[in-house]
Amino acid sequence: FYSASFGFRHSCVARPTDGGLSHAEKVLKEFAGKAGYEVHVSQDFNDLNSAGKLKPYAAVIFYTTGNPPLDREALMGYIRGGGAFIGIHPATDTYHQNNGCCPPWPEYIRMIGGAFAGHDQQQEVAIKVEDPGHPSTRHISSDWRILDEIYRFREFSRDNVHVLLSIDTAKISDESLKKLGMKKGGDYPVSWTRTEGKGRVFYTSLAHREDVWTNPVWQQHLLGGLAWATEQAGRN
C-alpha cells in the first residue's frame, strides 16, 4: 500500500509526528489482514522503484497524488506482466499534470482509466450498482448512499473500462447535483475495472474521508476489488 503525496496530502494518509502509521495504513492492515492478506505499507518511492522490488507483491495499491518519481517502466512492466493494480481515490490525481520533478504520464492515465477533473462539496450521494455480480459490488444494496468527496473525471471512456458503480443522479436532488457540479442524466463513474496486458486494474474513487475507511460496505468493496484483481474472487 503506497500512499506518498507529491501534491495534496489527504488527512487519512498523513502520518503522525511520532513516526506511526497513518489512519488509512492502520485500518487497511487490520481489515485486509483479517481477510488473509499480508499488507506492506510505504510512503517511500524507493521501496517500489525497480522490477525486483515490485516482483514479490501480488498487488500494488496506490493512494497517491502528484508525480511520484518511480521507475515508470518497471511499474508498467509489473502490471502488464500479471501484477494487480488497485487505485483508491486520488490515484487518478497522479501523473496527469506537470508536478515537481516529473512530467505527466499519459500511459498511466490510460492504465488506471481516467484522470481527476475536479470535485465540489462533500455530500451524501446515491450509488448505482452497474454490475451487481462483481465481487466488489455483490454486497452493495440498490439504495446505498455514502457521504464522501465525489470526483469528476476527464480522459475517461466506457470503451476503455468496465464500470461497476456510478452516481445515481435520478435519486439526488437538482440542488445537490448542482453542488456536486453534476446534472440529471450525466455519466459520473465511481468505480471500474480494466485489464492491462496480463494484469488486472481496479479503481474506486471513494475514501477521501477517514470514516469511509472504517465503513464496512466500502471495506468489502475494496476487498472484492482486490480479490478480483489478484484472481482470488469467485468470478474471474
Side-chain angles (χ1 to χ4, degrees), residues 1-26 28-29 32 37-119 149 151 153-156 160-161 194-205 207-208 213 222 225-226 229-230:
F1 177 49
Y2 179 59
S3 56
S5 303
F6 290 84
F8 179 80
R9 185 182 299 277
H10 291 72
S11 63
C12 67
V13 294
R15 287 179 171 175
T17 56
D18 64 7
L21 298 182
S22 69
H23 173 76
E25 289 172 320
K26 289 188 290 186
L28 180 62
K29 283 178 71 71
Y37 294 98
E38 181 181 358
V39 181
H40 296 256
V41 298
S42 176
Q43 296 188 348
D44 182 351
F45 74 91
N46 290 298
D47 292 338
L48 296 175
N49 207 27
S50 70
K53 290 181 177 179
L54 287 161
K55 187 176 180 180
Y57 300 110
V60 173
I61 303 175
F62 269 27
Y63 194 104
T64 49
T65 55
N67 298 351
L70 292 169
D71 183 329
R72 299 182 177 192
E73 184 177 346
L75 178 61
M76 202 59 66
Y78 164 82
I79 299 167
R80 289 173 176 164
F85 182 88
I86 288 82
I88 302 175
H89 193 53
T92 49
D93 190 20
T94 301
Y95 295 125
H96 68 104
Q97 59 187 354
N98 283 304
N99 188 297
C101 70
C102 311
W105 187 11
E107 194 174 21
Y108 172 91
I109 297 305
R110 176 166 177 78
M111 179 277 295
I112 199 172
F116 168 74
H119 66 77
E149 180 180 85
Y151 277 5
F153 299 97
R154 59 181 175 81
E155 298 181 54
F156 170 86
N160 185 43
V161 305
R194 64 180 308 276
T195 57
E196 182 69 35
K198 296 179 181 178
R200 292 184 171 196
V201 178
F202 170 81
Y203 174 72
T204 178
S205 63
H208 171 91
W213 281 88
L222 182 67
L226 179 58
T230 56

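The structure displayed is predicted, hence computed values, not measured ones. Heavy atoms only: backbone and side chains are in, while hydrogens, waters and symmetry mates are out.
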So how far is it from [X] [atom1] to [Y] [atom2], rounded to the nearest 0.5 Å?
| X | Y | atom1 | atom2 | result |
| --- | --- | --- | --- | --- |
| W213 | Y63 | CH2 | OH | 6.5 Å |
| I79 | T195 | CD1 | OG1 | 12.0 Å |
| S50 | L75 | OG | CG | 11.5 Å |
| F116 | T65 | CZ | OG1 | 10.5 Å |
| S205 | F153 | OG | CZ | 4.5 Å |
| H89 | T204 | NE2 | OG1 | 10.0 Å |

Would one find more than 12 heavy atoms of other residues, nucleotides or ligands at under 6.0 Å from atom CD of E73?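 Check fails, neighbour count at 12 or below.
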
Is there a donor-acceptor pair under 3.5 Å between the side chain of [X] and the backbone N or O of [Y]?
| X | Y | value |
| --- | --- | --- |
| Y78 | Y57 | yes |
| Y95 | P68 | yes |
| K29 | V39 | yes |

Less than 4.5 Å apart, any side-chain heavy atom of [X] and any of [Y]?
| X | Y | answer |
| --- | --- | --- |
| V201 | V161 | no |
| N67 | F6 | no |
| C102 | R72 | yes |
| L21 | F1 | no |

Identify which one of N98, T94, D93 satisfies the side-chain hydrogen bond (donor to acceptor under 3.5 Å, both in side chains) criterion when paired with H96.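 For H96, the side-chain hydrogen bond (donor to acceptor under 3.5 Å, both in side chains) check succeeds only for D93.
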
Could you give me the CA-CA distance, side-chain angles and deciding distance for T92 and Y151, then say whether side-chain hydrogen bond (donor to acceptor under 3.5 Å, both in side chains) is met? CA-CA 9 Å; T92 49; Y151 277 5; 5.6 Å; no

D47 vs Y2, test: side chain to side chain contact (heavy atoms under 4.5 Å, CB included). Steps then yes/no. CA-CA 9 Å; D47 292 338; Y2 179 59; over 6 Å; no

Partners passing side chain to side chain donor-acceptor pair (under 3.5 Å) against N46 (at least two apart in sequence or in another chain):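 So N46 forms a side chain to side chain donor-acceptor pair (under 3.5 Å) with D44.
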
Can you list the residues that meet the side chain to side chain donor-acceptor pair (under 3.5 Å) rule with S5, with sequence neighbours excluded?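 S5: no side chain to side chain donor-acceptor pair (under 3.5 Å) contacts found.
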
Minimum heavy-atom separation for [X] and [Y], please, with both atom names.
| X | Y | value |
| --- | --- | --- |
| E155 | A115 | OE2-CB, 4.4 Å |
| E25 | S42 | OE2-N, 4.1 Å |
| R9 | A14 | CD-CB, 4.0 Å |
| A74 | A51 | CB-N, 3.6 Å |
| N49 | P69 | OD1-O, 3.6 Å |
| A58 | T230 | O-CG2, 3.8 Å |

For residues 106-114, tabulate all N or O donor-acceptor pairs below 3.5 Å that involve a side-chain atom, not counting sequence neighbours.
residue: E107; atom: OE1; partner: W105; partner atom: NE1; Å: 3.3
residue: E107; atom: OE2; partner: R80; partner atom: NH1; Å: 2.9
residue: E107; atom: OE2; partner: R80; partner atom: NH2; Å: 2.7
residue: Y108; atom: OH; partner: A91; partner atom: O; Å: 2.7
residue: R110; atom: NH1; partner: N160; partner atom: OD1; Å: 3.3
residue: R110; atom: NH2; partner: N160; partner atom: OD1; Å: 3.4

For a side chain to side chain contact (heavy atoms under 4.5 Å, CB included) check, start with the C-alpha distance between L28 and I61, then their side-chain angles and the critical distance, and finish with the verdict. CA-CA 11 Å; L28 180 62; I61 303 175; 4.2 Å; yes

Is the ring pair H10/F8 parallel, tilted or perpendicular, if the boundaries are 30 and 60 degrees?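 Because their plane-to-plane angle is over 60°, the rings of H10 and F8 count as perpendicular.
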
Using 30° and 60° as the class limits, which term best fits the ring planes of H119 and H208: parallel, tilted or perpendicular?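 The arrangement is tilted - the two ring planes meet at 30° to 60°.
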
